[in-house]
2 protein chains.
Amino acid sequence: MKMAEKKHLNSSLLERLATNGFRFTPQREHVYSVLLEKRDHPTAEEVFIRAKRRMPDISMATVYNCLDALVKCRLVRQVALERGAARFCPNMQEHSHFYCDSCEQVFDVNLPPEPVIGLPRGFKAERYDIAIHGRCPECKT
Amino acid sequence: MKMAEKKHLNSSLLERLATNGFRFTPQREHVYSVLLEKRDHPTAEEVFIRAKRRMPDISMATVYNCLDALVKCRLVRQVALERGAARFCPNMQEHSHFYCDSCEQVFDVNLPPEPVIGLPRGFKAERYDIAIHGRCPECKT
DNA sequence: GTCAATACTTGGAATAATTCTAATTTGCGC
DNA sequence: GCGCAAATTAGAATTATTCCAAGTATTGAC
């Protein structure tokens with residue numbers, strides 16, 4: 001990553017954190033960069049392992065705290081795909097997730113332009129979580 | 001519930017279990033009836049508490065086993081809505097779930113006739129899990 | 001720039017949800 | 001009815017997440 005890009009990333013991260021009442025910390029910057037680096041929907045545990053590589057003293061509690069802050073700032077999405085650990089995804093474009101029940105990989109899938117579901121009167125939707133389960137091309141029998 | 005209805009329920013449950021390689025047990029019958037009785041998307045813990053009322057010796061491990069069997073027989077759906085416990089729902093019609101982030105209640109929402117999302121070549125969808133987060137009519141500010 | 005208030009980080013303990021284990025019991029095909 | 005595999009049980013173990021208390025760092029006011 002070029003210096004200019006890094007600077008821009010940090011200033012927009014700082015701004016986003018600040019407007020949501022959070023402080024800018026090296027840990028939050030680092031956790032966010034880890035998520036951007038490899039967009040494979042890691043679990044909190046996996047984020048922790050990757051974050052430790054360049055920041056060996058970071059703790060699991062901090063990783064959870066950082067992920068929480070990033071989710072609340074709407075910089076990261078949290079998805080529940082299988083029984084078990086939550087997964088995190090820095091792609092904030094409208095999209096849904098395809099979960100391969102065989103190899104357990106997760107793929108981003110674009111939504112059609114009209115994903116709107118008719119809700120009964122009085123319900124106010126804030127966010128849609130669409131998970132599609134099935135077989136990916138590699139695992140088709 | 002009338003006797004005739006109960007008989008029918010049991011024979012169809014038996015059949016469904018059998019064709020999926022499961023045995024018919026009083027515990028599985030009871031757990032299924034508990035889910036049908038109050039369709040409020042209980043957690044496994046809640047199912048356990050309700051099941052104990054008329055079957056005091058049932059254990060938590062059995063409740064998990066029964067729910068697993070029912071899910072594998074496609075008699076029950078398992079949904080992950082929030083961080084935390086999974087929830088169970090015996091409504092097998094195509095539908096999605098509305099989760100109120102304020103009061104934490106879950107509502108079934110009918111899907112439009114065209115819920116199909118264009119998947120990239122080679123992906124085979126087996127099931128869609130659509131969770132909508134927002135505010136229910138009671139909690140609208 | 002200094003200071004104070006308070007949010008954040010840390011390691012470890014605690015909790016919650018689920019799965020595993022080993023012994024016993026039960027359903028079901030023969 | 002018999003025998004075997006599957007299911008049940010209580011409790012231990014594991015996994016994922018949250019809580020806690022002490023020290024540290026960030027931010028806004030001066």
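Keep in mind the model is a prediction, meaning the values are calculated, not measured.
Summarising the geometry, the separation between CZ on B:Phe24 and P on C:dG29 is reported as 14 Å, rounded to the nearest angstrom. A straight line from CG of B:Leu13 to P of D:dA7 spans 13 Å, rounded to a whole angstrom. Regarding A:Glu82, its CD atom lies at a distance of 14 Å from the C1' atom of C:dT18, rounded to whole Å. For A:Ile58 and D:dT24, the CD1 to C1' distance is 15 Å, given to the nearest whole Å. The nearest whole Å value for the distance from the NZ atom in B:Lys52 to the C1' atom in D:dA10 is 10 Å. Distance B:Tyr32 OH to D:dA7 P: 18 Å, rounded to the nearest Å. Put simply, CZ on B:Arg23 is 9 Å from P on C:dG29, counting in whole angstrom units. The distance between atom CG of B:Leu67 and atom C1' of D:dA7, rounded to the nearest whole Å, is 15 Å.
Few gaps surround NZ on A:Lys52; more than 12 heavy atoms of other groups in view lie less than 6.0 Å from it. Residue-environment remark: CD (B:Glu15) stays at or below the threshold of 12 foreign heavy atoms within 6.0 Å.
At least one donor-acceptor pair closer than 3.5 Å links the side chain of B:Arg28 to the backbone N or O of B:Arg23. No donor-acceptor distance shorter than 3.5 angstrom exists from the side chain of B:Arg77 to the backbone of B:Asn91, with no hydrogens or angles considered. Side-chain N or O atoms of A:His97 include none that pairs as donor or acceptor with a backbone N or O of A:Val106 at under 3.5 Å.
The phosphate of C:dC8 has neither OP1 nor OP2 within less than 4.0 Å of any side-chain N or O from A:Asn65. Under 4.0 angstrom from either OP1 or OP2 of D:dT9 there lies at least one side-chain N or O belonging to B:Thr62. Checking the phosphate oxygens (OP1, OP2) of D:dT9, a side-chain nitrogen or oxygen of B:Gln27 falls inside 4.0 Å. Applying the 4.0 Å criterion to OP1 and OP2 of D:dA7, one finds that B:Arg28 has a side-chain N or O inside that range. Between B:Thr25 and D:dT8 there is a side-chain polar atom (N or O) within less than 4.0 angstrom of OP1 or OP2.
Base engagement by A:Ser59 is indicated by at least one non-hydrogen atom pair under 4.0 Å involving a base atom.
For the side chain to side chain donor-acceptor pair (under 3.5 Å) with A:Asp108, the lone residue among A:Arg39, A:Gln93, A:His41 that qualifies is A:His41.
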Please write out the pairs of protein N or O atoms and N or O atoms of nucleotides 14-18 of chain D separated by less than 3.5 Å, giving the distance to one decimal.
residue	atom	partner	partner atom	Å
D:dT17	OP1	A:Ala86	N	3.1
D:dT17	OP2	A:Tyr64	OH	2.6
D:dT17	O5'	A:Tyr64	OH	3.2
D:dT18	OP1	B:Arg83	NE	3.1

Self-check item: Stepwise side chain to side chain contact (heavy atoms under 4.5 Å, CB included) check, B:Cys100 with B:Glu138
Solution: CA-CA 10 Å; B:Cys100 178; B:Glu138 300 262 303; over 6 Å; no

